[in-house]
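Here the structure is laid out as structure tokens; the discussion comes afterwards.
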Amino acid sequence: MQFWENNDNDESRDGGNSPRPPQPPPNWRKWISPGLLVLVMLLALISSPGLFGGFSSTPEIAYSDVYEQLQMNNISLLHFQDNVSVSGTFKSGIIVSAASGRMQNVSRFSAQLPPYAGAELLRMAHERGVDTIDGSWTQPSTWLTLLINFLPLVLIIGFFVWMGRRAQGQMNGIFSFGQSQAREKTPEMPAIKFEDVAGQDAAKMELEEVVDFLKQPEKYVKVGAKVPRGVLLIGPPGTGKTLMARAVAGEANVAFFSIAASEFVEMFVGVGASRVRDLFKRAKENAPAIIFVDEIDAVGRRRGTGLGGGHDEREQTLNQLLSEMDGFDNDTNIVLIAATNRPDVLDPALLRPGRFDRQITVDLPDVKGRHEILKIHTKNKPLGNNVELESLARATIGFSGADIANLANEAAMHAARFNRRLITMSDFTTAYERIRLGTKRPPLSNKKDRRITAYHEAGHAVVSFLLPDAMALLKTTIIPRGRALGVAFYMPKDDSLHQSRKQLEAFIRVGLAGRIAEEIVFDDVTTGAANDIQQVTQIARRMVKMFGMSDSVGMVNYGDDSEQPFLGYAIASGRDYSDDTASKLDAEIKRIIDVAYQETRELLEDHRQGLDELAKALLEKETVEREEVLRILGLEEDLEDIVPESVAKHLREPQASEQNGSDSKETAEVEGEPS
């Protein structure tokens, strides 16, 4: 299915009556350089000696032969051409060439004149009594002579003038490095309101006070209240931190300066600090105003964390930012809003009261918030009658606002791909699978790879059904998606933010089940479990070092490798525990994985028949739904407890949405499936 067609022959199809699209104005600049080159070449040709005298139909001989024949009185006619060439006729047609010594039979001749030889030849012709002497002696144009003589000089001067102007522009750019690159949004521009932001009710309540201060600052000044000078928005990527800041500016109807923290820093020392000063100066001139700095951790990282000491450009920028935030007057109507998803790496001086007084968490939305976000992102999209946004909100556990916006856009693109006028539930479920599982690739063609992948995915599926604390599996497939050869599609059983020890242990067992199934069936292992082993090891390490979920180690936090991702800290501080403790931690991590491995192997060996049947079903159908796995294992469970039936219906048969769409509005609205 192609999204466009070649319209080069549209005129032939409609008889030439369709209006032509407006043509862009011709770009004359691209013809200037070739035009100048052609002009110079023409001038060179015009001024070239012999340009018009070198094309003669008469035989051309050497000038020495003309001179000798003139001395021998063998020339009856001479015709001069601008002291460049001469032609004429001989009295006797047979001559002996002085240059080559050979005899020639010619009656007419032409020859090129050496420089300044024309006058001498003319004088000799009069002395020898040549019968006819004529010629054309034109004077060169004064303007042409001047142009030929001074054109190189003019071109050289023009080149240096052009280079000078370009250098001046570059110097202006150098001197403007210190100016802020912030983009200003004035109150006259279209604004984003709080009603355009959904799923973050708690954060909006926190920011309403900031908006009220910018609208009525005198109310707070009268009672001696100090409104927060800085507001730090903290949350995972895609939760709407930048959107919240723009909504504050839209509600307050004040000037809004937006900049990414990375734009402060350049290769030249002092540029970042200068840009910070210029930004706050512009904000004060337009007060009341809001300054929004996105990804502030780019310049706000803890000082002294690098190997180069404290005088690098990033730290100079941070020092200037700290100084400017302390320099706010009590009656200055400026609020600094910053956003980051790494508050743990920020400098403590940046987070103290008086700078970022208020920290607002913008977290992942709950089911109610996801429902409201879906309403916003589908407001201008034609939805079919079978689309249930509330069910989609229940199914999209762990989705951020950006993920939900992407889900709605992918569903719309899928509907357009099959020429449907309405977006159906199958479009949403197909987009949901694409986001969660990756892009579908062609099935495996190698029989050995298919069999290994089938048993690997069957191992994951069987263990996930046999462990009550494991996530619910909706389907498993051996059709490659993304970078994986096979995929097991899991869904969290609830919207809880807590994870228990039993849930983490179940995750470890499910992760090891694929490798164990390969060992049991093939008595060998492959590289297909590399990602599973990485995730299992990471969970076990955090259980021991961070969560205190080990009885032998105890409830002691030994830190995490990702807390301080700085080379300077890693070298200077090292571990805060002994080598003996490190050995105990490593041994405990290995023990947790070994125990899980042994129990999972016993579980799969006890259910070997179910493992074989599920692998066989995968080899035959390539995709096996949850109900089929339950039947194979002899279990019963209602899918409605895990995911809404309206979503599950289309997750069971996503291939229906892969067919060609129908233009029938009734079919799209009622069934939601293309014919």
| field | Qualifying residues under salt bridge (charged side-chain N to carboxylate O under 4.0 Å, His left out), relative to Glu505, sequence neighbours excluded | value | none
| message | I need the minimum non-hydrogen distance between Arg246 and Ser258, along with the two atoms involved. | response | NH2-OG, 4.0 Å
| task | Count the heavy atoms belonging to other residues, nucleotides or ligands that lie under 6.0 Å from NZ of Lys219, then report whether that count exceeds 12. | result | yes
| Considering residues at least two apart in sequence or located in another chain, which fulfil the ring-ring contact (aromatic ring centres under 6.0 Å, His included) criterion with Phe356? | none
| query | Taking it one step at a time, do Ser583 and Asp580 satisfy side-chain hydrogen bond (donor to acceptor under 3.5 Å, both in side chains)? | reply | CA-CA 5 Å; Ser583 299; Asp580 183 59; 5.5 Å; no
| field | Check: Asp427/Thr424 side-chain N/O donor and acceptor closer than 3.5 Å | value | yes
Would you list the atom pairs, donor with acceptor, under 3.5 Å between side chains in residues 372-382 and any protein atom, with sequence neighbours excluded?
{"from": "Thr378", "atom 1": "OG1", "to": "Leu374", "atom 2": "O", "distance (Å)": "2.6"}
{"from": "Lys381", "atom 1": "NZ", "to": "His377", "atom 2": "O", "distance (Å)": "2.9"}

| From Val231, Leu207, Val335, residue fulfilling side-chain contact (heavy atoms from CB on, under 4.5 Å) relative to Val248 | Leu207
| field | Of all pairs that satisfy ring-ring contact (aromatic ring centres under 6.0 Å, His included), the ones with a partner from residues 387-406, not counting sequence neighbours | value | Phe399-Tyr432
| Which value, rounded to the nearest 0.5 Å, describes the distance between Lys545 atom NZ and Tyr558 atom OH? | 10.5 Å
| said: What's the separation between atom CD1 in Ile296 and atom CG in Leu321, rounded to the nearest 0.5 Å? | reply: 5.5 Å
| request: Answer with yes or no whether the side chains of Thr581 and Ser578 bring together a donor and an acceptor at under 3.5 Å. | output: yes
| field | Phe507, CZ: over 12 other non-hydrogen atoms inside 6.0 angstrom | value | no
| request: Report the C-alpha separation of Arg275 and Gln320 in whole Å, then their side-chain angles, then the decisive distance to 0.1 Å, and conclude whether the side chain to side chain contact (heavy atoms under 4.5 Å, CB included) test is met. | output: CA-CA 9 Å; Arg275 288 181 175 178; Gln320 184 63 44; over 6 Å; no
| query | How would you list, by chain and number, every residue that makes a salt bridge (charged side-chain N to carboxylate O under 4.0 Å, His left out) with Arg358, sequence neighbours excluded? | reply | Glu206, Glu209
| said: Do Gln359 and Pro343 have side chains that approach each other closer than 4.5 Å (heavy atoms only, starting at C-beta)? | reply: no
| Phe194 and Glu208, any side-chain heavy atoms less than 4.5 Å apart | yes
| task | Let me see the working for Val595 and Arg509 under side chain to side chain contact (heavy atoms under 4.5 Å, CB included), right down to the final yes or no. | result | CA-CA 9 Å; Val595 171; Arg509 285 160 172 74; 4.2 Å; yes
| message | In terms of relative ring orientation, are Phe256 and Phe292 parallel, tilted or perpendicular, with 30° and 60° separating the classes? | response | parallel
| Do Gln534 and Gln538 get their side chains close enough for a donor-acceptor pair, meaning under 3.5 Å? | no
| field | Residue pair Leu512 / Asp532, side-chain heavy-atom distance below 4.5 Å | value | no
| query | Heavy-atom distance under 4.5 Å between the side chains of Arg394 and Arg370, does that happen here? | reply | no
| Who are the side chain to side chain contact (heavy atoms under 4.5 Å, CB included) partners of Glu218, not counting sequence neighbours? | Gln216
| query | What do the steps show when you test Arg355 against Leu351 for side chain to side chain contact (heavy atoms under 4.5 Å, CB included), and what is the final call? | reply | CA-CA 6 Å; Arg355 291 198 173 105; Leu351 302 177; over 6 Å; no
